[in-house]
Amino acid sequence: AEVHAEIKEGGKALSNRQRELTSWQQGDMVPPILGLFCGCGCILLCKRLRFFDTAPRALVLAPAVPCYVLSYQVSYHAREAEYLIEMMREDRQKFAKRLRAKFEVASRDVTKSQILDDLEAGVDIE
């Protein structure tokens, strides 16, 4: 919510790198493409296995929709997490410090947080 509020206000507190990250994140096409690929793959699999041969044609969408939604959601949230972690990476920037403080509050056990440890060490998070 903090990032979205800052973007709505024009992104004045964002660094150039954070603006680039935001531009990348807003134009990210991986989740919809992956969802489309998995949804169409499910339709092709159902046709190959001859499911729904006698059923109405529209019924083939029944398994395709969950395949689309599941793959889209998983990839979207993984990439959103990557984006937010990269937004917290800058040490000298006030906005990054504010994000990191919010993340520390949201973390249940700050001393055992692997993400916070990696941010402190400057390690690339995978």
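Keep in mind that what you see is a predicted model, and the values were worked out from it rather than measured.
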Problem set entry | Inter-residue atom distance Gln18.CD - Trp24.CH2, 0.5 Å rounding | 14.0 Å
For this session: I would like to know whether Phe103 and Met87 meet side chain to side chain contact (heavy atoms under 4.5 Å, CB included); could you show each step before the answer?
Result: CA-CA 11 Å; Phe103 183 77; Met87 291 289 280; over 6 Å; no
Problem set entry | Common cluster, Leu70/Tyr76, ILVMFWY with side-chain heavy-atom separation under 4.5 Å | no
For this session: Examine Phe51 and Leu59 and state if one hydrophobic cluster contains both, with Ile, Leu, Val, Met, Phe, Trp and Tyr joined whenever side-chain heavy atoms are less than 4.5 Å apart.
Result: yes
Problem set entry | Tyr68 side, atom OH; Leu34 side, atom CG - distance, nearest 0.5 Å | 9.5 Å
Exercise. To the nearest 0.5 Å, what is the distance between SG (Cys67) and CG (Leu36)?
Worked result: 12.5 Å
Problem set entry | Residue pair Ala13 / Glu6: nearest heavy atoms and the distance that separates them | N-OE2, 2.9 Å
Exercise. Just how far is it from atom SG of Cys46 to atom CG of Asp53, taken to the nearest 0.5 Å?
Worked result: 10.5 Å
Exercise. Within the distance-only criterion (no hydrogens, no angle test), does the side chain of Glu86 pair as donor or acceptor with the backbone N or O of Leu21 below 3.5 angstrom?
Worked result: no
For this session: Measure the spacing between CD1 of Ile43 and SG of Cys38 and express it to the nearest 0.5 Å.
Result: 11.5 Å
Exercise. Could you give the distance from CD (Glu80) to CD (Gln73), rounded to the nearest 0.5 Å?
Worked result: 11.0 Å
Exercise. Among the clusters formed by ILVMFWY side chains lying less than 4.5 Å apart, do Leu44 and Leu61 turn up in the same one?
Worked result: no
For this session: Please step through side chain to side chain contact (heavy atoms under 4.5 Å, CB included) for the pair Val3 and Tyr83, ending with a clear verdict.
Result: CA-CA 10 Å; Val3 175; Tyr83 165 69; 3.3 Å; yes
For this session: Answer yes when Glu20 and Arg17 have at least one side-chain N-carboxylate O distance shorter than 4.0 Å, and no when they do not.
Result: no
For this session: Would you check if the side chain of Arg19 reaches a backbone N or O of Leu14 as a donor-acceptor pair within less than 3.5 Å?
Result: yes
Exercise. Linking I/L/V/M/F/W/Y whenever their side-chain heavy atoms sit closer than 4.5 Å, directly or via other members, would Leu99 and Leu84 fall into one cluster?
Worked result: yes
Problem set entry | Co-membership, hydrophobic cluster, residues Phe37 and Met29, 4.5 Å side-chain | no
